[in-house]
S.K.: 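Sharing a structure with you now.
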Amino acid sequence: MLALFNRHTQQMETADLLDRIEAEDVSSFEQRWLPPMQAKREELRQAGKLTLEEATRWNVADAHWEWPAKVRNRAGQLQWASYALRCGGDTQGLLFLNMVYKCRHPEQLKKHMVYVDLVSTAPWNRPRLVPNPMYGGIGTVLVTEAIIRSLDEGFEGRVGLHSLPGAESLYRQKFKMDCLGPDSAYGNLLYFEMTPQQAAALLSSTGL
Amino acid sequence: MNSKHRPNSQWYARMIQDTLDDDFVIGPPFDAKAKEAATPAEQPLTVAFGLLVKLSRRAKRLSVEELAEKLSVEVDELQHIEHEPEFRARPRTISKIANFCDVPVEDVMKLAGAAVSNDASFNTHALKFAAHSDDMAALTREEQETLKSFVRYLRDQE
């Protein structure tokens with residue numbers, strides 16, 4: 001059974017992970033996620049501070065992603081898998097995985113892997129954007145799901161992702177992924193990969 | 001969602017506590033070039049081939065490794081078929097898959113890109129089948145019916 005950490009009650013709370021983003025989740029994104037993110041983005045724009053650094057600082061670097069369009073365009077395409085994480089009666093996190101990317105890691109070159117395309121959380125869970133964020137653990141649950149999916153698909157836990165600037169230490173230090181450097185084809189974001197050995201070590205670890 | 005690879009709740013609780021203050025958002029920065037077109041490209045028939053293999057395998061509760069052993073083909077080849085529309089399977093493999101799915105080999109050859117299909121009705125049926133999402137780990141009743149319906153259509157082509 002999956003759970004998220006409720007920062008208000010300081011308790012773990014049962015969560016549901018759905019293996020596809022449904023209309024209810026898209027509706028939550030459009031009606032409840034987007035307005036506060038767009039408001040902060042507009043505030044930055046009017047202050048002349050709409051840069052990646054400032055958007056990262058305020059935790060709205062993903063405010064331009066078009067989840068509804070992506071859900072619509074990717075529906076039924078074999079290469080995509082989507083997940084929605086629900087807790088407390090609302091959608092708390094969204095995830096898109098791609099199944100056709102190949103490893104760049106020299107030790108795993110051209111082997112199958114799961115590529116983490118998009119991970120996002122509801123704005124009310126975001127430190128810095130709101131004063132008292134609600135749930136914690138959304139990203140951890142969703143990125144872990146990418147590793148589990150990789151194992152389930154027979155890809156031995158191989159996972160790749162591009163990290164936005166604020167998240168680099170998480171993937172390097174906590175998930176123990178290898179950083180393969182900035183990717184000039186993708187906004188110079190750092191590209192990370194997890195090897196089968198790293199996946200096995202992470203999922204069997206008893207302490208970080 | 002069940003998976004034999006999922007860690008226990010203690011693992012999750014510990015990992016969540018250890019990462020509580022970390023940012024994790026993944027995706028394109030807003031100055032990155034778009035990775036995909038605004039509208040999706042038309043799907044090739046091989047998407048239907050991959051989905052046919054995957055759903056048929058799941059319907060019989062076989063792993064990729066188990067099906068590869070059953071058909072005497074490489075695990076890699078089956079993974080390519082299920083996940084890469086650009087991949088072209090070997091005719092011998094296609095024939096074995098047709099037998100496994102119990103559908104006419106000529107039709108599966110068209111789906112797999114090993115034979116040309118000029119039949120508009122066939123293409124429409126295949127693409128409609130391919131549009132069905134494959135996200136479910138186990139087949140739901142609706143998915144079973146979708147698979148059965150497409151297999152029936154292929155058999156009726158004979």
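Naming convention: chains lettered A, B, ... in sequence-line order (proteins, then strands); numbering from 1 in each chain. It should be emphasised that the depicted structure is a prediction, and the values quoted were computed from it without experimental measurement.
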S.K.: Can you tell me how far the CG atom of Leu170(A) sits from the CG atom of Asp21(B), to the nearest 0.5 Å?
M.R.: 11.0 Å
S.K.: Assess the pair His83(B) and Phe155(A): is the distance between their ring centroids shorter than 6.0 Å?
M.R.: yes
S.K.: What part of Asp16(A) gets closer than 4.5 Å to chain B, counting heavy atoms only: side chain, backbone, both or neither?
M.R.: neither
S.K.: Using heavy-atom distances under 4.5 Å, tell me whether Ile147(A) contacts chain B through its side chain, its backbone, both, or neither.
M.R.: neither
S.K.: Please examine the side chains of Asp23(B) and Asn59(A), heavy atoms only from C-beta on, and report whether any two atoms are closer than 4.5 Å.
M.R.: yes
S.K.: Nearest 0.5 Å, what's the OH-CG distance between Tyr135(A) and Leu20(B)?
M.R.: 13.5 Å
S.K.: Can you tell me if Lys49(A) has over 12 outside heavy atoms packed within less than 6.0 Å of its NZ?
M.R.: no
S.K.: Quick one: what part of Ala3(A) sits under 4.5 Å from any heavy atom of chain B, side chain, backbone, both or neither?
M.R.: backbone
S.K.: Are Gln79(B) and Lys111(A) close enough that some pair of their side-chain heavy atoms sits under 4.5 Å apart?
M.R.: no
S.K.: Within a strict 4.5 Å, meaning less than it, do heavy atoms of the Pro7(B) and Ile148(A) side chains meet?
M.R.: yes
S.K.: Would one find more than 12 heavy atoms of other residues, nucleotides or ligands at under 6.0 Å from atom CD of Glu74(B)?
M.R.: no
S.K.: Check the pair Lys174(A) / Asp22(B) against salt bridge (charged side-chain N to carboxylate O under 4.0 Å, His left out), numbers first and verdict last.
M.R.: CA-CA 9 Å; Lys174(A) 307 286 177 66; Asp22(B) 290 295; 2.8 Å; yes
S.K.: Specify which of Ala167(A), Ala199(A), Ser204(A) makes the most heavy-atom pairs with chain B at under 4.5 Å.
M.R.: Ala167(A)
S.K.: Quick check: do Ser3(B) and Glu145(A) have side-chain heavy atoms less than 4.5 Å from each other?
M.R.: no
S.K.: Counting heavy atoms not belonging to Lys70(B), are there more than 12 under 6.0 Å from its NZ?
M.R.: no
S.K.: Side-chain contact, heavy-atom cut-off 4.5 Å: His112(A) with His80(B)?
M.R.: yes
S.K.: Under a 4.5 Å heavy-atom cut-off, does chain B meet the side chain of Phe96(A), its backbone, both or neither?
M.R.: neither
S.K.: When you look at Met15(B) and Leu202(A), which way does the side chain to side chain contact (heavy atoms under 4.5 Å, CB included) test go after all the steps?
M.R.: CA-CA 10 Å; Met15(B) 190 75 179; Leu202(A) 181 74; 3.9 Å; yes
S.K.: Decide yes or no for Thr144(A) and Arg6(B): does some side-chain heavy atom of the first lie under 4.5 Å from some side-chain heavy atom of the second?
M.R.: no
S.K.: Are more than 12 heavy atoms from other residues, nucleotides or ligands located less than 6.0 Å from atom CZ of Arg92(B)?
M.R.: no
S.K.: Check whether Met12(A) gets within reach of chain B through its side chain, its backbone, both or neither, counting any heavy atom under 4.5 Å.
M.R.: side chain
S.K.: What part of Leu118(A) gets within 4.5 angstrom of chain B, counting heavy atoms only: side chain, backbone, both, or neither?
M.R.: both
S.K.: Could you tell me whether the side chain of Phe24(B) reaches within less than 4.5 Å of the side chain of Leu142(A), counting heavy atoms only?
M.R.: no
S.K.: Counting only heavy atoms closer than 4.5 Å, note whether Gln10(B) contacts chain A via side chain, backbone, both or neither.
M.R.: neither
S.K.: Are there more than 12 heavy atoms of other residues, nucleotides or ligands under 6.0 Å from atom CD of Glu66(B)?
M.R.: yes
S.K.: Does the pair Tyr12(B) and Leu4(A) meet the rule for a side chain to side chain contact (heavy atoms under 4.5 Å, CB included), with working shown?
M.R.: CA-CA 9 Å; Tyr12(B) 275 103; Leu4(A) 293 175; over 6 Å; no
S.K.: If we only count heavy atoms from C-beta on, is the Leu151(A) to Lys4(B) side-chain gap below 4.5 Å?
M.R.: no
